[in-house]
Amino acid sequence: MRLNGSSNGATRSSALWGKPSKGERSSAIWGKGGRAIALLVLSAVVLGAPMAAGAGRSSQSHDLRVRAYLSPGLLEQAQSAPNATFDVIVQGSPGEPSTAVASDVHSARSSDPGRGVGVRDRFRAVSGVAAQLTGRQILRLARRSDITAITSDAPVVLSGYASTQRWPYAARFQNLWDEPAAATAPTIAIVDSGIQASREADFGGRVVAQVNLASIQPNSPGDGRGHGTFVAALAASERASRAGGSPGSKLVSIDVMDDNGMAMTRDVIAAADWILRYKDLYNIRVANFSLHSASPASVFFDPLDQAVERLWFNGVTVVAAAGNYAVDGSASGVTFAPGNDPFVITVGAADLDGSIGTADDFAAPWSAWGSTLDGFAKPEIGAAGRHLIASVPPNATLLTERPDAVRPNTTMELSGTSFAAPIVAAAAAQVLARHPGWTPDQVKGALMVAARDTPSATLGSLGVGMVDAAAAAAVVNPPNPNAALNAFVAPAGDGTGPVFDTASWANVAQSDASWASASWSSASWSSASWASASWSSASWASASWASASWASASWSSASWASASWASASWADNADGELGISGELIGPSELIELGIGG
Ligand SMILES: [Ca+2]
Ligand SMILES: [Ca+2]
């Protein structure tokens, strides 16, 4: 991965300048709203300093007392504008603690007071600090023998597979992107509002099939809504500086949603049928459903659950959004298909809280979680779901409906479990790229056992924790989270393959509340960073199951068969979510990750 210098405007205050508290997205130093100056990502000049050293000599000839390497032009700028402020990275000798470099900066500021905030961040991976200094302070520092380089902390454009956003690094896609295996990732089916396949910069020629199953009008060709393109871009965009999780995956667009965000249950079931029929032709191994039905459902009766189970048993890993209907972080239950299905992977939306690490991550307050009506704990896993930026078509109705969320170059900044789901779908594709023979159960096991702990999140709100694509891809022998369920998967009477025998399961579950523990008996779970014991005891709750799923009279078939899904039932717009111009990766984070080094 290379870093190229460029100016790429950013308008967001960053965690570089202070750790924001939960729910408070402004910088502790800049105050609410921040300054309209931000450091997007680290200047290439810093990381390329040894190679570029020759280029610096000519400028240093203007001032022989300068001992440190300076970015080309920085010496002249500092000399001509000694009172102006510059955003720079100051590096000390290798092995010197960053605190010593910080002391040098403080000393220079004491000797030559001026504007600028001084040290913004001390690095751990390298000896150095990010700082805002005056030209005069820079010249003073440059004469010190223990300062090796002062370089511009300018925004850059990342080339190759990379992102200016934080979420791919939080989910640890960066080391997978460029591996040869990533190019063999399977096709992901996006069951949504369509995909703007002509968006070459995002999708190249990788949208290999587009099918329109929407029975509601108006439904423009491609993606009249914008939701599906956004989801697909998060899963598999190859766009410079905005890569999706699995840019090597091909995409199949199954359009079930009209331009106003409406869909019919029957169309979504038809989408599952289509995938089942054509999965081998297009190598579809992952299907993403960033949507849910509008009627609460039990796996006993819901046809959409049965449809996604059929996919699962036939080798297609199904990923579903949990939904956006929790209130203030309280358990909402996960009561709608397909996210309520115990076999599939249901995804909650996390707030990254301004950092790549998961120690501060918490569930977005609207991210649905809790028990299904059948007693299963959902979601299984979390992924970033707030302030994500991705492409939408220029004619998307979302653009006109959500003007506050519009960003440059026909992109939007959106929040929702809809957008956490494709991150996990991409991680599943990356796992399958390295283990093409794995079943959906194995993929789910790898993703769950490798998830990172979220000690700041309410227990269960993000399942076992945050998705870690690299760790999941490295799992060798995944435990099976569906082991207990699989005892009730049997061949269908019509010879069409396995089905979940809900009646047999219910008989056992009714008499033995510990039936689910078989899923968690594998010793492999003990290698997880999260507490497998607590998930084991919570993964199935007989109490909620007993009270709800047996009232079969309430599962009137009429409640689902003809229901249309209002846009509110699509997890596309976490209400009241204010834009902050994205959750962008910061220079110090890239240094910590060793990117470009
Ligand atoms: Ca559509
Ligand atoms: Ca974080």
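Read the numbers this way: they start at 1 and go in the same order the structure lists the ligands and their atoms.
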With rounding to the nearest 0.5 angstrom, report the CD1 to OG distance, I423 to S246. 13.0 Å
May I have the step-by-step check of side chain to side chain contact (heavy atoms under 4.5 Å, CB included) for L398 and F230, ending in yes or no? CA-CA 10 Å; L398 272 178; F230 196 99; over 6 Å; no
Assess whether side-chain hydrogen bond (donor to acceptor under 3.5 Å, both in side chains) is satisfied between S391 and R242, documenting all intermediate values. CA-CA 9 Å; S391 296; R242 213 164 57 229; 3.1 Å; yes
Just by modelled atom types, is the G244 backbone N or O under 3.5 Å from a matching donor or acceptor in the W177 side chain? yes
Take the Ca ion (ligand 1) as the vertex and measure to OD1 of N219 and OD2 of D255; round to 10°. 90°
Please check if the side chain of S367 supplies one atom and the backbone of G348 the other of a donor-acceptor pair under 3.5 Å. no
Examine M257 and say whether one of its N/O/S atoms is closer to the Ca ion (ligand 1) than 3.0 Å. yes
With respect to the Ca ion (ligand 1), please indicate if N212 possesses an N, O or S atom at a distance under 3.0 Å. no
Do the rings of F336 and H292 sit parallel, tilted or perpendicular, given the 30° and 60° boundaries? parallel
What protein N/O/S atoms are there under 3.0 Å from the Ca ion (ligand 2), waters excluded? L352 O, S355 O, S355 OG, G357 O, D360 OD1, D361 OD1
Decide yes or no on side chain to side chain contact (heavy atoms under 4.5 Å, CB included) for V252 and K250, but give the supporting numbers first. CA-CA 7 Å; V252 165; K250 294 181 173 64; over 6 Å; no
